[in-house]
Structure formats: C-alpha cells, structure tokens
Amino acid sequence: VQLQASGGGLVQAGGSLRLSCAASGFIFSISAMKWYRQAPGKQRELVATIFSGGGTNYVGSVKGRFTISRDNAKSTVYLQMNSLKREDTAVYYCNADPPFARWGQGTQVTVSS
C-alpha cells in the first residue's frame with residue numbers, strides 16, 4: 001500500500017490550497033478515504049471523509065471551507081481548502097477506512113497571518 005500526499009505549502013490566511021493523495025496497492029474505488037492532520041504537539045485528527053458512494057463528512061472546524069473529493073479512475077483523493085486559517089497549519093495525511101498501518105509522509109500546510 002502506498003499513500004502519497006502532495007500539494008501543501010506556505011499560504012497566507014484567507015488563501016487556498018488543493019491537496020492530492022495518490023493511492024495504490026488496494027481497491028481504491030470501494031474504499032472510504034479520509035484526510036487527517038497533525039499539528040505540532042497535538043494528536044492526529046480526522047478532517048474529512050469521503051465514502052465510496054461519494055457521501056462526505058467533515059469535522060466542524062472545516063465545514064464550509066474544505067471540500068473532499070475523489071477520482072476513482074486516478075485512485076486519488078483531493079482536499080480543496082479555502083479560507084485557510086492559522087489553526088489549519090499541520091501535516092496533512094490521507095488514509096483509507098479502516099486505516100492502513102503505513103501512513104505515508106504527509107504534506108505540510110503552513111498558514112501565515
């Protein structure tokens with residue numbers, strides 16, 4: 001299993017980023033996929049979920065700002081992040097549900113004021 005997250009970077013508050021996660025080694029199209037994040041000194045938290053049928057869930061702090069989507073043909077899940085805030089600063093990871101033990105290296109998102 002490989003989960004390769006990309007698209008992070010440094011952005012000013014109020015800006016946008018689009019994260020991608022390319023998956024391989026499992027049947028992506030029937031798997032629910034999740035985005036998580038881990039800020040320095042904090043536990044990893046679930047940010048967004050997209051189910052195989054396309055339904056989505058979000059943690060309250062990102063509702064209305066983040067959008068999770070998927071492209072089954074490319075085995076890729078995306079996270080569109082708008083109206084970014086400093087508290088969104090974290091390393092972002094994707095994983096399936098249930099999660100694989102191997103997480104991948106994630107992608108750093110840094111939001112400056």
Side-chain angles (χ1 to χ4, degrees):
V1 171
Q2 287 195 333
L3 298 162
Q4 183 63 50
S6 62
L10 174 63
V11 62
Q12 288 190 331
S16 298
L17 283 173
R18 188 193 194 206
L19 307 184
S20 300
C21 177
S24 62
F26 63 101
I27 305 175
F28 181 87
S29 61
I30 63 171
S31 301
M33 295 297 296
K34 298 178 180 280
W35 280 101
Y36 297 80
R37 66 186 179 187
Q38 187 167 19
K42 295 187 177 181
Q43 289 188 334
R44 187 173 293 165
E45 69 166 341
L46 175 62
V47 174
T49 302
I50 185 164
F51 300 96
S52 58
T56 57
N57 281 331
Y58 300 91
V59 68
S61 59
V62 308
K63 279 184 180 178
R65 300 189 298 122
F66 290 11
T67 303
I68 188 171
S69 61
R70 64 191 298 158
D71 184 336
N72 289 338
K74 296 182 178 180
S75 296
T76 300
V77 60
Y78 304 97
L79 188 68
Q80 177 67 44
M81 306 187 296
N82 299 328
S83 302
L84 282 161
K85 304 176 181 180
R86 287 189 64 185
E87 52 263 43
D88 296 318
T89 295
V91 179
Y92 284 72
Y93 304 86
C94 72
N95 210 325
D97 183 28
F100 294 105
R102 185 176 179 181
W103 279 80
Q105 63 184 21
T107 187
Q108 175 71 48
V109 172
T110 304
V111 184
S112 64
S113 59

Is the Trp103-Tyr36 ring centre distance short of 6.0 angstrom?
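Centroid distance Trp103-Tyr36: below 6.0 Å, so yes.
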From [X] atom [atom1] to [Y] atom [atom2], the distance as rounded to the nearest 0.5 Å:
{"X": "Cys94", "Y": "Phe100", "atom1": "SG", "atom2": "CZ", "value": "10.5 Å"}
{"X": "Met33", "Y": "Ser75", "atom1": "CE", "atom2": "OG", "value": "9.0 Å"}
{"X": "Gln108", "Y": "Thr89", "atom1": "CD", "atom2": "OG1", "value": "7.5 Å"}
{"X": "Lys63", "Y": "Thr56", "atom1": "NZ", "atom2": "OG1", "value": "9.5 Å"}
{"X": "Ser83", "Y": "Phe66", "atom1": "OG", "atom2": "CZ", "value": "9.0 Å"}
{"X": "Ser61", "Y": "Asp88", "atom1": "OG", "atom2": "CG", "value": "7.0 Å"}

With heavy-atom distances below 4.5 Å as the criterion, would you say the side chains of [X] and [Y] are in contact?
{"X": "Val109", "Y": "Arg37", "value": "no"}
{"X": "Trp35", "Y": "Ile50", "value": "no"}
{"X": "Phe26", "Y": "Leu3", "value": "yes"}
{"X": "Met81", "Y": "Val47", "value": "no"}
{"X": "Leu84", "Y": "Gln12", "value": "no"}
{"X": "Asn95", "Y": "Lys34", "value": "no"}
{"X": "Ile68", "Y": "Val77", "value": "yes"}

Test your reading of the model: is there a side-chain donor-acceptor pair from Arg70 to the backbone of Ala32, 3.5 Å cut-off?
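Between the backbone of Ala32 and the side chain of Arg70 there is no qualifying donor-acceptor contact (under 3.5 Å).
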Contact summary for Gln38 and Lys42, nearest pair of heavy atoms:
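Answer, listing the atom of Gln38 first, then Lys42: NE2-O, 3.1 Å.
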Evaluate whether atom [atom1] of [X] has more than 12 neighbouring non-hydrogen atoms of other residues, nucleotides or ligands under 6.0 angstrom away.
{"X": "Gln43", "atom1": "CD", "result": "no"}
{"X": "Gln105", "atom1": "CD", "result": "no"}
{"X": "Gln2", "atom1": "CD", "result": "no"}
{"X": "Leu10", "atom1": "CG", "result": "yes"}

Cation-pi check, Arg65 onto Tyr58 ring (under 6.0 Å, within 45° of axis):
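Pair Arg65/Tyr58 does not count as cation-pi.
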